[in-house]
There are 2 protein chains.
Amino acid sequence: MDERQVLEHYLKERGLKMTKARLLILEAFLGMESHVTAERLYEAVHKLDDGIGQATVFRNIRLFTDAGLAREACRDDGPRQYEHAWRHAHHDHLSCIQCGAVIEFVDGAIETAQQAVYKKYGYVPSGHRMELFGLCPDCAARHNSPQT
Amino acid sequence: MDERQVLEHYLKERGLKMTKARLLILEAFLGMESHVTAERLYEAVHKLDDGIGQATVFRNIRLFTDAGLAREACRDDGPRQYEHAWRHAHHDHLSCIQCGAVIEFVDGAIETAQQAVYKKYGYVPSGHRMELFGLCPDCAARHNSPQT
DNA sequence: ATTGATATTGATAATGATTATCAATATACT
DNA sequence: AGTATATTGATAATCATTATCAATATCAAT
Ligand SMILES: [Mn+2]
Ligand SMILES: [Mn+2]
Ligand SMILES: [Zn+2]
Ligand SMILES: [Zn+2]
């Protein structure tokens with residue numbers, strides 16, 4: 001089952017309709033790298049068909065999220081960021097506060113410890129978001145030897 | 001060194017001035033429980049002195065953050081949330097997606113594992129943010145027995 | 001205490017991101 | 001093809017926050 005089929009199934013299931021715009025936005029999204037903002041997605045879509053309004057892009061990336069094709073990535077501030085969710089497993093982020101470089105990772109020990117926290121407080125897990133901030137190796141080096 | 005002294009020190013250090021409004025907003029903030037929004041802080045301040053504008057509240061809670069008296073709490077969406085930072089150690093959040101109940105916790109195993117992740121990728125740690133989502137015990141119970 | 005340089009304030013406009021509104025149109029069943 | 005209704009694009013509205021700016025308060029030096 002590929003992304004288009006997932007969407008078609010999701011739509012049919014609740015009486016929604018497939019449209020030219022919807023499909024185009026999906027294709028644009030699939031062709032972009034992770035951490036896409038609605039604005040950047042709109043720009044990409046606009047190149048393929050300049051008749052598509054940006055409200056439609058906002059509406060549909062949101063729909064894709066409900067359908068399980070996209071998910072909101074960590075964002076500290078600024079516009080919402082989306083990443084692919086279909087066949088893209090959960091992961092957390094390690095971000096450089098200087099240059100913005102982002103590493104995606106999964107750490108077994110952390111995931112296990114998180115389950116223990118849920119258990120301790122009697123909560124039923126539904127998901128989590130974790131972002132580690134720091135200086136990437138390059139920025140750290142530049143930081144320690146400013147103009148040597 | 002109490003909060004007021006911290007602020008005074010921070011101000012003097014960079015040629016800024018202490019004002020009536022500034023002090024009032026600080027006192028209001030200190031008198032409120034964690035996870036305060038600028039709007040709620042403004043309401044509290046307004047009761048003490050209705051001549052204080054809300055831009056001033058926005059400006060000063062931001063200043064407190066720079067001064068190390070406040071810090072931004074996790075927020076998924078909606079207005080920015082602040083919590084006390086002076087003599088309030090780092091912690092993470094476990095939130096109920098149904099009723100919004102929030103538990104603050106620190107887990108040694110997670111903190112240790114996070115350091116290992118930093119090391120693995122050669123990043124210099126500067127902080128992190130983690131929020132676990134789920135159903136609190138009450139909401140989970142209500143969810144399993146809707147109207148029994 | 002008076003002065004003077006300047007940081008601060010309150011009111012309000014502006015911004016940025018997202019959502020709501022709505023008439024026109026496209027879609028998908030029959 | 002006909003029909004009910006979901007969708008669209010344009011645009012207005014909303015929400016949280018920041019910028020602008022003239023008037024005022026602060027504070028270190030006289
Ligand atoms: Mn990611
Ligand atoms: Mn907290
Ligand atoms: Zn970097
Ligand atoms: Zn709950």
Side-chain angles (χ1 to χ4, degrees), chain A residues 4-5 7-29 35-43 45-67 70-82, chain B residues 4 7-29 35-67 70-82:
Chain A
R4 179 173 174 163
Q5 292 174 309
L7 180 57
E8 282 168 349
H9 180 259
Y10 177 87
L11 295 175
K12 195 153 293 177
E13 210 173 29
R14 49 202 82 201
L16 305 180
K17 296 168 180 173
M18 177 56 86
T19 67
K20 201 154 58 99
R22 197 156 271 175
L23 196 54
L24 207 74
I25 295 169
L26 176 64
E27 271 160 21
F29 175 61
H35 297 213
V36 183
T37 194
E39 174 63 23
R40 287 216 303 128
L41 179 55
Y42 170 66
E43 286 163 17
V45 167
H46 198 261
K47 273 173 198 145
L48 303 176
D49 180 342
D50 66 335
I52 288 174
Q54 74 184 120
T56 303
V57 174
F58 271 99
R59 279 190 287 246
N60 280 289
I61 187 64
R62 193 176 226 267
L63 179 84
F64 297 166
T65 302
D66 294 338
R71 102 171 51 101
E72 293 183 21
C74 266
R75 61 150 173 172
D76 205 27
D77 232 338
R80 205 167 280 163
Q81 312 245 47
Y82 295 92
Chain B
R4 179 174 173 161
L7 180 57
E8 282 168 349
H9 181 260
Y10 177 88
L11 295 175
K12 196 154 292 177
E13 210 173 31
R14 49 202 80 200
L16 306 181
K17 297 168 180 172
M18 176 55 86
T19 67
K20 201 155 55 99
R22 198 157 269 175
L23 196 54
L24 206 75
I25 295 169
L26 177 63
E27 271 161 19
F29 175 61
H35 297 213
V36 183
T37 194
E39 174 63 23
R40 287 217 304 128
L41 179 55
Y42 169 66
E43 287 163 16
V45 168
H46 198 262
K47 273 174 198 145
L48 303 176
D49 181 341
D50 67 334
I52 289 173
Q54 74 184 120
T56 303
V57 175
F58 271 99
R59 278 190 288 245
N60 280 290
I61 187 65
R62 194 175 224 268
L63 179 84
F64 297 166
T65 302
D66 294 339
R71 108 171 45 103
E72 294 182 23
C74 267
R75 63 153 171 169
D76 204 27
D77 232 336
R80 204 167 280 165
Q81 313 245 44
Y82 295 91

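Below, chain A is the first sequence line, B the second, and so on; all start at residue 1.
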Student: Could you work out which one of D:dA28, C:dT18, D:dT8 sits closest to the side chain of B:K12?
Tutor: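 Out of D:dA28, C:dT18, D:dT8, the nucleotide with an atom closest to B:K12's side chain is D:dA28.
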Student: How long is the line joining CD1 of A:I25 and C1' of D:dT8, in whole Å?
Tutor: 10 Å
Student: What's the shortest heavy-atom distance between A:A73 and A:H35, and which atoms?
Tutor: CB-NE2, 3.8 Å
Student: Contact class for B:R62 vs. all strands (heavy atom < 4.0 Å): base, sugar-phosphate, or nothing?
Tutor: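 Since only primed, P, OP1 and OP2 atoms lie under 4.0 Å of B:R62, the category is sugar-phosphate.
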Student: Starting the side chain at C-beta, find the nucleotide from D:dT26, C:dT18, C:dA20 nearest to A:A55.
Tutor: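 Closest nucleotide to the A:A55 side chain: C:dA20.
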Student: Donor-acceptor pair, B:T37 side chain versus B:R40 backbone, under 3.5 Å?
Tutor: no
Student: For the residue pair A:Y42 and A:I52, what are the closest heavy atoms and their distance?
Tutor: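 Nearest heavy atoms, A:Y42 then A:I52: CE1-O, 3.3 Å.
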Student: Take the protein atom CZ of A:F58 and the nucleotide atom C1' of D:dT7, then report the distance between them rounded to whole Å.
Tutor: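 A:F58 atom CZ is separated from D:dT7 atom C1' by 18 Å.
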Student: Could you state the atom-to-atom distance from OH of A:Y42 to P of D:dT8 in whole Å?
Tutor: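 Those two atoms, OH and P, are 14 Å apart.
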Student: Figure out the CD/C1' separation between A:Q54 and C:dT18, and round it to whole Å.
Tutor: 10 Å
Student: Taking only the side-chain nitrogens and oxygens of A:R59, find out if one of them lies under 4.0 Å from OP1 or OP2 of D:dT7.
Tutor: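 Checking D:dT7 against A:R59, no side-chain N or O comes under 4.0 Å of OP1 or OP2.
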Student: Considering just the side-chain nitrogens and oxygens of A:N60, establish if one lies under 4.0 Å of OP1 or OP2 belonging to D:dT8.
Tutor: yes
Student: To the nearest angstrom, how far is A:I52 atom CD1 from C:dA26 atom C1'?
Tutor: 13 Å
Student: At under 4.0 Å, does any side-chain N or O of A:T19 touch on OP1 or OP2 of D:dA6?
Tutor: no
Student: So do the side chains of B:I61 and B:I25 get within less than 4.5 Å of each other, counting heavy atoms only?
Tutor: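 No - every pair of side-chain heavy atoms lies 4.5 Å or more apart.
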Student: Tell me which nucleotide among C:dA7, C:dT27, D:dT17 gets nearest to the side chain of B:P79.
Tutor: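 Closest nucleotide among those given: D:dT17.
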Student: Answer whether the closest heavy-atom distance between the side chains of B:R22 and B:L7 falls below 4.5 Å.
Tutor: yes
Student: At less than 4.0 Å, is any side-chain N or O atom of B:R22 found next to OP1 or OP2 of D:dT26? Yes or no.
Tutor: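 Indeed not, no polar side-chain atom of B:R22 lies that close.
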Student: Tell me whether the OP1 or OP2 atom of C:dG10 has a side-chain N or O from B:T56 closer than 4.0 Å.
Tutor: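 Answer yes for this pair, as a side-chain N or O of B:T56 is under 4.0 Å from OP1 or OP2.
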Student: For the side chain of B:R80, starting at C-beta, report the closest nucleotide among D:dA28, D:dT17, D:dC27.
Tutor: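 The answer is D:dT17, which lies nearest to the side chain.
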Student: B:Q81 or B:K20: which one's nearest nucleotide on DNA chain D is closer to the 5' end?
Tutor: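 Looking at the nearest nucleotide for each, B:Q81 comes out on the 5' side.
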Student: Where the side chain of B:L16 is defined as all heavy atoms beyond and including C-beta, which of D:dA10, C:dT8, D:dT17 is the nearest nucleotide?
Tutor: C:dT8
Student: In whole Å, what is the span from the CG atom of A:L63 to the C1' atom of D:dT8?
Tutor: 14 Å
Student: Atom CG of B:L41 and atom P of D:dA16: how far apart are they, to the nearest Å?
Tutor: 15 Å
Student: Over how many whole Å does the gap from A:E39 atom CD to C:dT18 atom P extend?
Tutor: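 The answer, rounded to whole Å, is 10 Å.
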Student: Should B:E43 and B:K47 count as an ion pair when the cut-off is N to O under 4.0 Å?
Tutor: no
Student: When we call it a touch if two heavy atoms are under 4.0 Å apart, what does B:G51 touch: a base, just sugar-phosphate, or nothing?
Tutor: sugar-phosphate
Student: With sugar-phosphate meaning primed atoms plus P, OP1 and OP2, does A:D77 contact a base, only sugar-phosphate, or nothing at under 4.0 Å between heavy atoms?
Tutor: nothing
Student: Which base sits across from D:dC27 as a Watson-Crick or G-U pair, both distances under 3.5 Å?
Tutor: C:dG4
